[in-house]
Structures are given as structure tokens and as C-alpha cells.
Amino acid sequence: MENHHCIIIGSGPAGYTAAIYAARANMKPILFTGAEPGGQLMITTEVENFPGYPDGIHGPKLMEDLQKQAERFQTDIRYERISGVDFTGPVHKIWTESGEVLHSHAIVIATGASAKWLGLESEKRLMNKGVSACAVCDGFFFRGMEVAVVGGGDTAAEEASYLAKLCPKVHLLVRKEHMRASKIMQDRVINTPNIEVHWNTETEDILGENEVEGVKLKNSKTGEISTISVKGFFVAIGHQPNSGIFENWLDMDDAKYLITKAGSTKTNISGVFACGDIQDRVYRQAVTAAGSGCMAALDAERYLTSQGIL
């Protein structure tokens, strides 16, 4: 039975940053990458808003650099998923998919959240070629171009409003005849002159071979098919936090994001900490995830010291 100071579950910016700090604090962390090593940045081409890269950097290269930095301080990186946990008692248990059981005094959860997609073949084919799930991340590349945003909630309204500052025309594609967004966000959209709302509109296809050239739409009431010419297509139908295995153990909000205590990464279970997009439904940026990964490692170090373990 392996017994450890600190185990980190997840390998995005939050997980790797937590590993760097934990390793430097002599916590000898083990990091489990999960099914998607590197997280969402592995499907992101150009990253221009992460500090320290004045010329930008490709998402996979950024994650490779973070991994190398974690390994430099002897982080034990294991390419496996965690299939179950047991957070009873002062020492926590985790199960790997291969059936191995590990014990750890501190657990850092950095499993992130996954963007929800429409499920179109063209959506996958044109990923990072005009299709994106983050306007703040990629909107800069579409300055001066017409773009489309699909969704009817607060996220879609925020994305459309952000893009309206960069683009001459933003088409907001809403599936129903009303939006789910809060009243204040709806008002902001309606009162922004260069946002055009398309009601009762479903996306049939995204047009273009090597880059987005337009969108094929269907009116769900009339059945009418139409197309609009756009260079960017932003999917804003929400994110799904990867928190399933922690149900019945950790406090979550209505959308299944883990709840942490204000000003910390502490969960409702002593010795269990959460960082990155698994507990952040507001900012969802690589740099904020990395910052909270640092917080989680520091919180874990202080916890282990208070318990006389470090």
C-alpha cells in the first residue's frame, strides 16, 4: 500500500503548478494526468495571454513546458485516471483505473471542466481553425471580422458582448424564442447595436474546409434554412466540471463545481483541496488556474505542517 504526502489529480495549468510548488516544498507529489493530459490547452493552438510568452505559445507546448518544470523538481507523473476515492479518516484513499490503491494525507483536485459541444463533425474538423469555446482566449484573432456565438445563457451573452468590442458584427444564435441569461445580460445584448440575435435558430453545419467560412442555420419554427458568412464560431453552451467521482464526498454547487472556502482552496473535507476550473465557473483562464494551483499547494503544505506530517 503506497502512502504519500500529496497526490494531485489532474494535469492542466492548475495541476502542474500545484506540483511545482508541492515538489519544491518537499511534499514529493504524485500527479495523475487523467484521460486528457494537459487539459483543455491541448486543443488550443495559439495562447497569447499567458504571462512570460511575449510572442505567444501553442497550448500543447505550454503544457509541455509546465510538465518539464514539474518533473525538474521530481514530481512523479503517472499517466492514468483515478476511478474512485474514499475521503473518510485523516488519510485519504484513491483508486486508479488499474485497481491500485494509494493513501495520501493531502489530495489536490485539479480535474478541470470540459466545454460542451454541439456534436457536429464540422465542429471537430474546424477546431482551432475558427471554432472555439472561449472568446476571451481567442477573440483577439477575429478582430475586424464577423463571428457567430451559439447559446442562450449568461456565458453566451458574455461571449457575444466581449466579441462585440472586437468585431463589426456578432450573430448570437439562440435555440429558443427566449434567452436563459439573466435580465441584465439580456439587456446588454439587446442594447448592443452590432449584436444580432437569431431566435429559434439551430446550427445545422459549420461551413468551410480549412477555416470557418460560414454557418448553415435552421429556423426551428418555420424550417427555413439559411446561411451567414462568418470567420469565427464560438460555442457557448456551457462547461461540464469533471467532478463525478467526488459526488457524495465533496460539496458542490448546482452545476457540480466543487465549492471551496472563501480565500482558499479548502473543500469541506480536511486535507482535500480543489483548484482550477473544477472550482472556478467565473474566470476559466489558464493563468487563474495556475494561480489557484499555487494556492492549493500552499494550503496543502500548511495543512501537512499543522498535522506534524511535514
Side-chain angles (χ1 to χ4, degrees), residues 36 40-46 59 113-182 185-242 255 281 284:
E36 298 176 352
Q40 293 186 66
L41 282 180
M42 296 301 288
I43 58 169
T44 303
T45 50
E46 203 69 27
S114 302
K116 296 178 182 177
W117 299 97
L118 299 175
L120 301 171
E121 185 281 327
S122 53
E123 187 179 46
K124 296 179 182 178
R125 176 168 48 83
L126 293 169
M127 185 76 66
N128 295 316
K129 299 177 181 178
V131 172
S132 170
C134 180
V136 174
C137 309
D138 299 327
F140 183 82
F141 301 114
F142 298 93
R143 289 174 302 164
M145 306 177 191
E146 286 198 26
V147 298
V149 177
V150 60
D154 277 345
T155 299
E158 289 170 3
E159 301 271 277
S161 299
Y162 178 85
L163 290 165
K165 300 172 184 176
L166 303 172
C167 304
K169 185 71 169 289
V170 178
H171 300 270
L172 181 58
L173 314 178
V174 181
R175 188 165 56 91
K176 297 183 179 180
E177 57 188 12
H178 60 272
M179 295 178 68
R180 292 180 290 103
S182 59
M185 290 305 301
Q186 292 189 48
D187 290 343
R188 185 177 301 173
V189 166
I190 298 300
N191 293 321
T192 302
N194 59 330
I195 297 179
E196 180 180 348
V197 182
H198 301 254
W199 304 106
N200 301 304
T201 298
E202 298 177 0
T203 302
E204 291 279 287
D205 201 9
I206 306 167
L207 308 176
E209 287 300 318
N210 298 310
E211 62 180 21
V212 172
E213 297 175 359
V215 187
K216 181 180 178 183
L217 307 174
K218 179 181 179 180
N219 186 292
S220 58
K221 278 199 165 183
T222 66
E224 179 186 357
I225 301 294
S226 61
T227 60
I228 55 174
S229 296
V230 295
K231 290 296 185 182
F233 184 81
F234 292 84
V235 181
I237 57 177
H239 286 73
Q240 180 65 46
N242 302 316
R281 60 187 297 174
R284 298 198 303 267

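Computed from a predicted model, the values in this text were never measured in an experiment.
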>> Just to verify, what does Glu224 make a salt bridge (charged side-chain N to carboxylate O under 4.0 Å, His left out) with, not counting sequence neighbours?
In response: none
> Going through the checks in order, is the side-chain contact (heavy atoms from CB on, under 4.5 Å) test met by Phe234 and Val170?
Replying inline: CA-CA 10 Å; Phe234 292 84; Val170 178; over 6 Å; no
> Which pairs with one or both residues in residues 120-132 pass salt bridge (Lys or Arg N to Asp or Glu O under 4.0 Å), sequence neighbours excluded?
Replying inline: Glu121-Arg125
> Which value, rounded to the nearest 0.5 Å, describes the distance between Leu217 atom CG and Ile225 atom CD1?
Replying inline: 8.5 Å
>> Once rounded to the nearest 0.5 Å, what's the spacing between atom CG of Leu172 and atom OG1 of Thr192?
In response: 10.5 Å
>> So, using side-chain contact (heavy atoms from CB on, under 4.5 Å) as the criterion, who are the partners of Ser220 when residues are at least two apart?
In response: Asn200, Glu202
>> Going by side-chain contact (heavy atoms from CB on, under 4.5 Å), name the residues that satisfy it together with Thr227, two or more places apart in sequence or in a different chain.
In response: Leu207, Lys216
> Taking all atoms of both residues into account, what is the closest heavy-atom pair of Leu126 and Gly208, and its distance?
Replying inline: CD1-O, 3.7 Å
>> By the ring-ring contact (aromatic ring centres under 6.0 Å, His included) test, which pairs, at least two apart or in different chains, include something from residues 196-233?
In response: His171-His198
Sequence neighbours excluded and cut-off under 3.5 Å, please list the side-chain donor-acceptor pairs for residues 149-169, or say none.
residue: Asp154; atom: OD1; partner: Ser182; partner atom: N; Å: 2.7
residue: Asp154; atom: OD1; partner: Ser182; partner atom: OG; Å: 3.2
residue: Glu159; atom: OE1; partner: Ala135; partner atom: N; Å: 2.9
residue: Glu159; atom: OE2; partner: Ala135; partner atom: N; Å: 3.4
residue: Ser161; atom: OG; partner: Ala157; partner atom: O; Å: 2.8
residue: Lys169; atom: NZ; partner: Glu196; partner atom: OE1; Å: 2.9

> Has Asn210 got more than 12 heavy atoms of other residues, nucleotides or ligands less than 6.0 Å from its CG?
Replying inline: no
> Can you name the salt bridge (charged side-chain N to carboxylate O under 4.0 Å, His left out) partners of Glu211, sequence neighbours left out?
Replying inline: Lys231
>> Is the shortest side-chain heavy-atom distance between Phe142 and Val230 below 4.5 Å?
In response: no
>> Can you list everything that forms a side-chain hydrogen bond (donor to acceptor under 3.5 Å, both in side chains) with Asn194? Sequence neighbours excluded, please.
In response: none
>> Give me the atom names and distance for the closest heavy-atom approach of Glu204 to Leu120.
In response: O-CD2, 3.7 Å
> Mind checking what makes side-chain hydrogen bond (donor to acceptor under 3.5 Å, both in side chains) contact with Glu177, not counting sequence neighbours?
Replying inline: Lys221
> Please, which pairs that meet disulfide (SG to SG under 2.5 Å) have at least one residue in residues 122-154, sequence neighbours excluded?
Replying inline: Cys134-Cys137
> Considering residues at least two apart in sequence or located in another chain, which fulfil the salt bridge (charged side-chain N to carboxylate O under 4.0 Å, His left out) criterion with Asp205?
Replying inline: none
>> So which atom in Glu146 and which in Ser229 form the shortest heavy-atom distance, rounded to 0.1 Å?
In response: OE1-O, 3.6 Å
> How would you list, by chain and number, every residue that makes a side-chain contact (heavy atoms from CB on, under 4.5 Å) with Lys116, sequence neighbours excluded?
Replying inline: Ile237, Gln240
